[in-house]
Amino acid sequence: MGARMQVVIVGGGTAGWMTAATLAMSFAGRLADVTLIESEEIGTVGVGEATVPHIRFFNQRLGIDEADFIRRTNATYKLGIEFRDWGRIGDSYTHPFGDFGHDIDGLPFHQYWAHASRGDTDGLPTLEDCSLPIVAARDNRFTPPLEDQRSIRSTYSYAYQFDATLYAAYLRDYAEARGVVRIEGRVDAVEQSAGSIEAVRLADGRRIAGDLFIDCSGFRALLIDGALKVKYEDWSHWLPCDAAWAVPTANAGALTPYTRATAREAGWQWRIPLQHRTGNGHVFSTRFTDPETARAVLMDNLEGEALAEPRMLRFRTGRRDLQWVGNCVAIGLSAGFLEPLESTSIHLIQLAIGKLIELFPSGGVFDPADAAEFNRAMALEYDRVRDFLVLHYCATERDDTPFWRYMRTMTLPSSLTEKIAEFRERGIVASYREGMFLPASWLAVYYGQRIMPDRVNPLIADMPMATSHAHVAKVAAACASAAKTMPLHEDYIARIKAAA
């Protein structure tokens, strides 16, 4: 066996310590030595963080005990995201982490609901009544799904809402216990040779050499941009929000097992409930409002007492043309940024880490084909997440402000135009071989914002309306019954904390 690779991670925070923890679990002491450089002088973006279900499998792969994680990060459980005022003011719908009903005779359940809704709708349950995670979330109930595929209690998943700063600290303990070396310091210069990075120099003069450099330096992008000058593809014409105010508040009311996104005059407001506080923020476009007005909108719409002064973040939506160049890989905000409307930021970090592990340079040899595959996969995923986020904005009927008039009439990515047309025509949801958003996610936004199929599947069209109505009623009744058996979300968490 040759010498172990020297891996240098520049930057801590969620991206840096997720990367360090995974490399430590996978390679430390065998194939690689891992060093992470971070400076306490430089803050992280870390606000209350909401996630998607993929984070569960990341934690499981590291061997993290869920109960310990819940206690250590002040986490809560998440069954989906509630969207308010997106289609029209007064609207509300939920994107669930689970299915709408179940396929019947090989056809999607939503087709039966769409068929039934064309007839007498008196007493017809809504499509959301046929999703167990939505029904449970309405009543603030939670329990993990069952593995028995015959049970309706197996038809959903869940994610977490946690304190991102505590999560980074949790992973730091994990990584350092497995050999990762942390260096306190600020990177002041980058040494390059023939398109690769040889070392970074710290402000105090120390030189840290390495074979593989991972840029987790956030929006600063010290390596991928500062040193390697990789171009950034700007998506602000599709996603013009470029700033956010963030503020924590005291918890008020029940502990909800979902995140909320409420559309505002020139953007939207998030609400993320944690055990010890609630994370709040207002994402907005400086083209359509000014920061002080946006700050007032946030502070005027808080449910609990503010625990600190709000702080403002600035960003530009888009991604790097390349995220792996030479011996440098960008992970996290240095690779790109998509506003947190669907809680995708940690998923994109997780995906990049997984791809890096899969394509990890063998024996320190960097194969251009590996970098090309990494860049292909990451660009594709960023593009698909972009399309899903843009759908929320363009599928609106609002014309009450210049912001919403722009969003509903802007030119869309061709890939999104095709997806919407396919659904309008026949109720077909384009599915991916790779990708995080399953058909239920697209259905939630389509139906939630009134994009309806013009016709149902021909195999259902001649069915008696009463038959479709009966299918829908049966599923809705099963969801209502199952939800009633679940404990309250806050009681479930209280039991976990008491078990410590």
Side-chain angles (χ1 to χ4, degrees), residues 79-84 87-88 90-158 256-258 423-429 431 438-489:
L79 291 170
I81 307 169
E82 181 191 23
F83 291 91
R84 291 186 175 180
R88 299 173 184 169
D91 280 356
S92 174
Y93 71 91
T94 297
H95 166 196
F97 296 152
D99 298 330
F100 290 99
H102 54 83
D103 289 0
I104 301 171
D105 296 330
L107 296 175
F109 176 83
H110 80 93
Q111 294 269 13
Y112 289 88
W113 182 85
H115 181 240
S117 69
R118 283 166 161 74
D120 181 6
T121 58
D122 186 36
L124 179 70
T126 67
L127 187 62
E128 291 200 340
D129 292 334
C130 302
S131 170
L132 179 53
I134 296 179
V135 176
R138 286 176 189 160
D139 292 336
N140 296 320
R141 296 183 179 276
F142 175 81
T143 193
L146 300 178
E147 293 184 6
D148 183 354
Q149 297 299 305
R150 296 168 299 178
S151 170
I152 195 168
R153 288 267 304 274
S154 71
T155 60
Y156 65 98
S157 186
Y158 66 91
T256 58
Y258 56 88
F423 185 77
R424 282 194 193 278
E425 171 64 18
R426 296 183 60 189
I428 293 174
V429 180
S431 58
L438 299 175
S441 301
W442 290 86
L443 288 172
V445 183
Y446 285 145
Y447 283 113
Q449 296 188 210
R450 296 187 178 81
I451 294 181
M452 302 289 286
D454 291 334
R455 57 195 178 100
V456 296
N457 191 294
L459 296 175
I460 298 176
D462 293 335
M463 179 183 293
M465 291 286 184
T467 302
S468 295
H469 198 299
H471 283 319
V472 172
K474 182 178 180 181
V475 171
C479 289
S481 176
K484 287 178 183 176
T485 67
M486 297 183 180
L488 289 172
H489 179 222

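None of these values were measured; they are calculated from a predicted model.
- Between atom NE2 of residue His469 and atom CE of residue Met463 there is a gap of 14.5 Å, rounded to the nearest 0.5 Å.
- Between Leu132 and Ala483, the shortest heavy-atom contact is CD1-N, 3.8 Å.
- How far CD1 of Ile104 is from CD of Gln111: 11.5 Å, rounded to the nearest 0.5 Å.
- Taking CD1 from Ile134 and OG1 from Thr94, the interatomic distance works out to 5.0 Å, rounded to the nearest 0.5 Å.
- Note: Phe97 and His95 have perpendicular aromatic rings, judged against thresholds of 30 and 60 degrees for the angle between ring planes.
- Note that the CG atom of Leu488 and the OG1 atom of Thr143 stand 11.5 Å from one another [nearest 0.5 Å].
- For the residue pair Asp129 and Arg138, the shortest heavy atom distance occurs at OD1-NH1, 2.9 Å.
- Closest approach of Met486 and Arg141 over heavy atoms only: O-NH1, 2.6 Å.
- Here the closest non-hydrogen pair linking Ser151 and Leu146 is OG-CD1, 3.7 Å.
- Formation of a donor-acceptor pair under 3.5 Å by the His110 side chain with backbone atoms of Gly427 is found in this model.
- A side-chain donor-acceptor contact under 3.5 Å links Trp113 to the backbone of Pro125.
- Phe142 and Tyr258 have their aromatic ring centers separated by at least 6.0 angstrom.
- Gly448 and Asp91 make their closest contact through O-OD2, 4.5 Å (heavy atoms, listed as atom of the first residue, atom of the second, distance).
- Side-chain atoms of Leu79 and His489, non-hydrogen and from C-beta on, never get closer than 4.5 Å to each other.
- Closest of all the heavy-atom pairs between Ala440 and Asp99 is CB-CA, 4.4 Å.
- Ring pair Phe109/His102 is tilted by interplanar angle, where 30° to 60° counts as tilted.
- At most 12 non-hydrogen atoms from other residues, nucleotides or ligands lie less than 6.0 angstrom from CZ of Arg426.
- Of the possible polar contacts, none joining the Gln449 side chain to the Tyr447 backbone as a donor-acceptor pair under 3.5 Å is found.
- Between atom CG of residue Leu443 and atom CG of residue Leu127 there is a gap of 7.0 Å, rounded to the nearest 0.5 Å.
- Aromatic pair Phe83/Tyr93: ring centres closer than 6.0 Å.
- Rounding to the nearest 0.5 Å places CD1 of Ile460 at 9.0 Å from CG of Asp105.
- Val456 has its side chain within reach of Arg118: a pair of non-hydrogen atoms, C-beta onward, lies under 4.5 Å apart.
- Under the rule for a side-chain hydrogen bond (donor to acceptor under 3.5 Å, both in side chains), the partners of Asp148 that lie at least two apart in sequence or sit in another chain are Arg150.
- Within a 6.0 Å radius of CG in Asp454, more than 12 heavy atoms belonging to other residues, nucleotides or ligands are found.
- Side-chain contact check for Arg424 versus Met452: every heavy-atom pair is 4.5 Å or farther apart.
- A donor-acceptor pair is defined here as one N or O able to donate and one able to accept, closer than 3.5 Å; no such pair exists between the side chain of Ser131 and the backbone of Glu128.
- With sequence neighbours left out, Arg153 forms a side-chain hydrogen bond (donor to acceptor under 3.5 Å, both in side chains) with no residue at all.
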